[in-house]
Structure formats: structure tokens, C-alpha cells
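Have a look at the structure below, then the notes.
Below, chain A is the first sequence line, B the second, and so on; all start at residue 1.
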Amino acid sequence: MAFYVSTPIYYVNDAPHLGHAYTTVAGDVLTRWHRQRGESVWYLTGTDEHGQKIMRTAEAHGVSPQEWCDKLVEEAWKPLWKHLEIANDDFIRTTEPRHTQRVQEFVQDLYDKGEIYKGSYTGPYCVSCEEYKVVGELLEGELCPIHKRPVEWLEEDNYFFKLSEYGERLLEHYDANPDFIQPASARNEVVQFVRQGLQDLSISRSTFDWGIPIPWDPKHVIYVWIDALLNYATAVGYGSDQAKFDQTWPADVHLVGKDILRFHAVIWPAMLLANGLRLPGRVFANGWLMVGGEKMSKSNLTGISPRQLTEHFGVDAYRYYFLRAIPFGQDGAFSWEDFAARYTSELANDYGNLASRVAAMVGKYFDGALPAAADAGPAEQAIADGLSAAVAAADKAIGDNLDFAGGLGAVFDFVRQVNGYLSDQAPWKVAKDESPQAQARLATILYTAAEALRGVAVLLNPVMPATSERLWVSLGAEVALGALADQRISEAADWGRLPAGVSVTKGEVLFPRLD
RNA sequence: GGGGCGGUAGCUCAGCUGGUCAGAGCAGGGGACUCAUAAUCCCUCGGUCGCGGGUUCAAGUCCCGCCCGCCCUACCA
């Protein structure tokens, strides 16, 4: 069975921003972590390309909706994921036949099972916007929030999914699986919402045609959310590749922004129940990135772009920063200043500098050949124990709980411990004593520090693959132990894996000081 | 209106089922050291734990009320 993780499929109305990248990086780190546990993994991302908004946007740019999507996907979305070192196993687009055909089959199935019926939808419609509004967003006196004009109440024939019949079963599932929706605050909201009672869901639209036609009534297209959610099934072989589907389905983790939690925690499982498919393991809602007290969103595109940050801080630091600084699942304040402070203190000073000083001393005192730990004692045991503790804590936090901040905190506590160890042992002083005993101590101290870094490289590889690889090579570990990505988390704390005699080289600084 | 979450040192945050829980990191101040990316290590300053009541031998930690912030309250992705 594969550990299957999905991001939302992003609406390609516009270019990706920090919020999209935040979720996608988190999923990438999670899946890389599980790969290093030795598990089979499937990481899926993609794009949601149907719906009225995309149709309108394309029209405004004088191109077809498909052309608009193609351009954005190829020129903005995929390149950004490549830039950020996202190692997704697949990228699904909802306009691909492998998706649209299966969606039609799925909906047809539900129709055949009597889960879908024809009804009429009544809602407030703004003539100027040419679209239905959400009741909650209307201004006092039923005015359109954009045009400040009265809405009209229109009625149209639609197909409805019998969502209202699934409230009890959903509540039972939430109850039996307390971790199904995370974090707990998100779970509470959903449970409360479902308890209030569910209404049937209109799942077709007939006022525009940019979507997947309802198979038995092609004047209607399938509501974008029904279309979009099904990507998680169609991308892993639903209805087309049963073997792959069997070994992948269901998703272990659906990562979502908290704005789309309800679709994933209510509508999606109800759809699956209706069609007899197994439910995902959990739906994890991450929070908003707050900039200067305001939510980062597409309406705030004037904000900082991912590439502005990676140009200044580098891709690895970018991947690190948001996961380290913001407890996953909560809203998080972020600022350029905070990023710079963390980069300097944690990455450059604590971690990068540790790698530098260790490599420099092995070079200076042993001509770059890692000496054996001939005289290990309690101080060295404390470091070995520290690594064990860091591995255990990080594995549980990141691999099991999606607590990236906690896991990274554990790793960096260990980095601090190693810096402290070097200060205590002062190998530069020991080096001045040429007696065999002193030289044995010197060798032991530097071996211990290098071996500690070996463990750190393994633990940080899912988060910062490029710099971890550089450290790995610099320690001579690539030659002795093989590829970094093949190192198992479960073996990361096995003390003494890095063999004496390997060639330790200083290499480029891991995290250069910022200007 | 109903509901959810949060309000702990200058900043960002830990504090599970009540009893060293008043903490960490960063920033600020002082010192040590020199292997290193002028990095590191040690010490230190610093908080009426939003406000007011209550329960208890004991409350950031439970109850009530209030104030403030963010979010949800269904078909816009």
C-alpha cells in the first residue's frame, strides 16, 4: 500500500502565490519523509480548470478557457513546483480525458443508484455579476456586495445530490475517527456544521458550459467542486487502472487550505459513501499566512511572491522557513524580517556554521580524513543519545502528526547541542597537545561532531534536499553510505554509520550570510 | 444572532487530563573562546499569563460574565 498524499488541485484562475506554495511544500516534505521511512509513496498535485470564473478570465484575455489554462499551467504552475523541488508523482488537470471521462462515470453511477435527482435551485442572482451570490455575502437589504444593487431571486433546474441523507453517517465517521479532520479546531467547526443538518447539494449548472457535461443531460455541466474533488480518485486509476487504484486508494492525507475544508470533510466523504468507496485517512487543514496582519490570498497578489523570497533566501531556506515558523494548522504571521532573522540565526549561524567548523577542523588537524573515535566517553554518549532523541521526536512529529515546526525544532535543538559540545570539548585546544592521548581525544571529538552532522543531514533532507545533499557530500557520506535519499529515518540514529577514513571536505558555505 | 479558535516576556510562540507552569527561541545587556559563515558557548534583563468574579488546600490550566482579534454560518475554486 502506498502512503498517498494530495494537495488541493489549485484553481488556475491566476498564478500561484505563497499560500499555494505553502501547502505544496508541506506535502512534499511529508512525502519525502515517508519515502525515507522506506514506504511506498504517492504524492499528487494538480489544477482545477473548469468553472465560470476561469471562463470569464479567459474571455477577458481573448483566449479560450483551455488555452488560458494551458498557458498558466505550463508557464506558471509547473515551473514553480519544479523550482521549489516539489517531487510530486503525478500532476492532474481536470481538463484531461483521464479525469473527465471518469467523472462522468462516477456521476452516472450515483444517478443510477438514485443518489442524484432533478430539482430546482433558488438563489440570489446579481444581473451585473451574471452569477449567483452566496446568501451570507449579501449586503443589508439583499444587495450585491460588488455592485451594491438588489439581487434577483432566480430558480433553475438542477441536479441534486442527496447530501442531506449522509449527516448521521458522517458524524459517526468523525466520532469513530477523531483524527479524520485536523487540527481539532477545524474538526469542531465541521462537526458543528454537520450537526445543524445538511441540505442536498446542487451539482450541476446550466448557465454556462465550461465544465464536464452531465452524461444523461449534456445541457448541464457538473458543478466544479464535484468535478474537482474527484481528481483524488481519477488520478490514481479509479475506473481505469484497478491495480493501481487498489494499491493507492484511499488517500492517507488530504492537505487543504482551511477555506476549502468543508468540501473535503463533508461533501467529499459523502460522495464516497454514496458510491461505496473507502474514505480517506485524514483531511488536514492548514491556516492562512498572514502578512502585516492580513491574510495572504489572491486578492492580495500585491504581496510577496514565492520567487521573490527564493531569490533572496534560496529555495531550501524557503522550504524550511514556513514550516519551521508556523505551527501547521494555525494561521501564521510571517514577515521578511522574521524570515531574515530565522535564516541568520538558525540556518546560517547554528547549522551552516556548525558544518563549516567541523569540516574545517577535520581538514586542518587530519588533512580531511575523518579519524576514528578512539576515546569516546560520556560526552560522546550524550551526543549519540541526543541524536536518538532528535530522530524519534522528528519522526513522530513530522511523519505522524504533520507537526513540522515541532519536528524541526527537535532537529535544531540537537544542532545547538552539538555546538555546545564543541565549545565544551574545545578541540582547537586539544589539538595543541601532541600527546597520543590528546590526539585520540581530538579524533574522537571531531568524529563525534561529523557523525552528528551525518544524522542531521538525513533528518533535514526532506525539508532542504539541496543543502542536505551538499553536507552529505562534504562529509564523505555519499561515497561511504550511498545516496542521501536512500538513508532510512529508522537508521539515522544508529551511531557510527559514517566510517572513519572518509574524505571530509569543506565545500561551499551551506547558507551564505544575507546582504 | 448562532458557532469555532485565539488573546502568556519587546517579537514569534510552548505550556496534555489543575499542584516547581511562569517557560523556549529571537531581539537587548554582560562575559568566555577563536575551530568556524565577525560564527559559537555561558550568564543576564524581561511577564498583574486580556479583564472581573467564582470553584478548590491549589488555576494561564476548570466554571460564569465581559472586552478584543480572526474565522465559519452551505453550493464563488
Atom-to-atom span, CG of A/Leu408 to C1' of B/A24 - whole angstrom: 16 Å
Short side-chain N/O contact from A/Asn188 to OP1 or OP2 of B/G3, under 4.0 Å: no
Per-nucleotide protein contact string for nucleotides 27-35 of chain B (B base, S sugar-phosphate only, - none; heavy atom under 4.0 Å): ------SSB
For atom CZ of A/Phe263 and atom P of B/A74, their distance in whole Å: 11 Å
Residue A/Phe193, side-chain atoms from C-beta onward, closest of B/A74, B/U40, B/C75: B/A74
For B/G53, glycosidic torsion class - syn if within 90° of 0, otherwise anti: anti
Rounded interatomic separation in angstrom, taking CG from A/Leu510 and C1' from B/A36: 13 Å
Candidates A/Leu460, A/Val463, A/Leu510 - the one meeting side-chain contact (heavy atoms from CB on, under 4.5 Å) with A/Ser468: A/Leu460
Atom-to-atom span, CD1 of A/Ile181 to P of B/C5 - whole angstrom: 14 Å
A/Ser185 side-chain proximity, nearest of B/C75, B/A74, B/C5: B/C5
Sugar-phosphate only, base, or nothing, as touched by A/Gly197 at under 4.0 Å among non-hydrogen atoms: base
A/Arg513 side chain, from C-beta outward: closest of B/C26, B/G4, B/U37: B/U37
Any A/Arg262 side-chain N or O less than 4.0 Å from OP1/OP2 of B/U73: yes
Protein-nucleotide distance (A/Tyr351, atom OH; B/C41, atom C1'), rounded to Å: 21 Å
For atom CG of A/Asn419 and atom P of B/U37, their distance in whole Å: 14 Å
Touch class at under 4.0 angstrom, heavy-atom based, for A/Asp338 against every strand present: nothing
Which nucleotide in B/C75, B/C13, B/G3 has an atom nearest any side-chain atom of A/Gln192: B/G3
C1' gap between B/G46 and B/A27, integer Å: 12 Å
Sugar-phosphate, base or nothing in reach of A/Phe511, heavy atoms under 4.0 Å: base
Residues A/Trp336, A/Phe313; criterion ring pair (Phe, Tyr, Trp, His ring centres under 6.0 Å); working and verdict: CA-CA 10 Å; A/Trp336 191 280; A/Phe313 296 102; 5.3 Å; yes
B/U37 phosphate, OP1 or OP2, under 4.0 Å from A/Lys506 side-chain N/O: yes
Rounded distance in Å between the P positions of B/C71 and B/C66: 22 Å
Nearest-Å distance for atom pair CZ/P, residues A/Arg416 and B/A36: 22 Å
A/Gln199, nearest nucleotide to its side chain (from B/U37, B/C71, B/C75): B/C75
Integer angstrom distance from the P of B/U8 to that of B/G69: 15 Å
Nearest-angstrom distance from the residue atom CD of A/Glu337 to C1' of B/G25: 18 Å
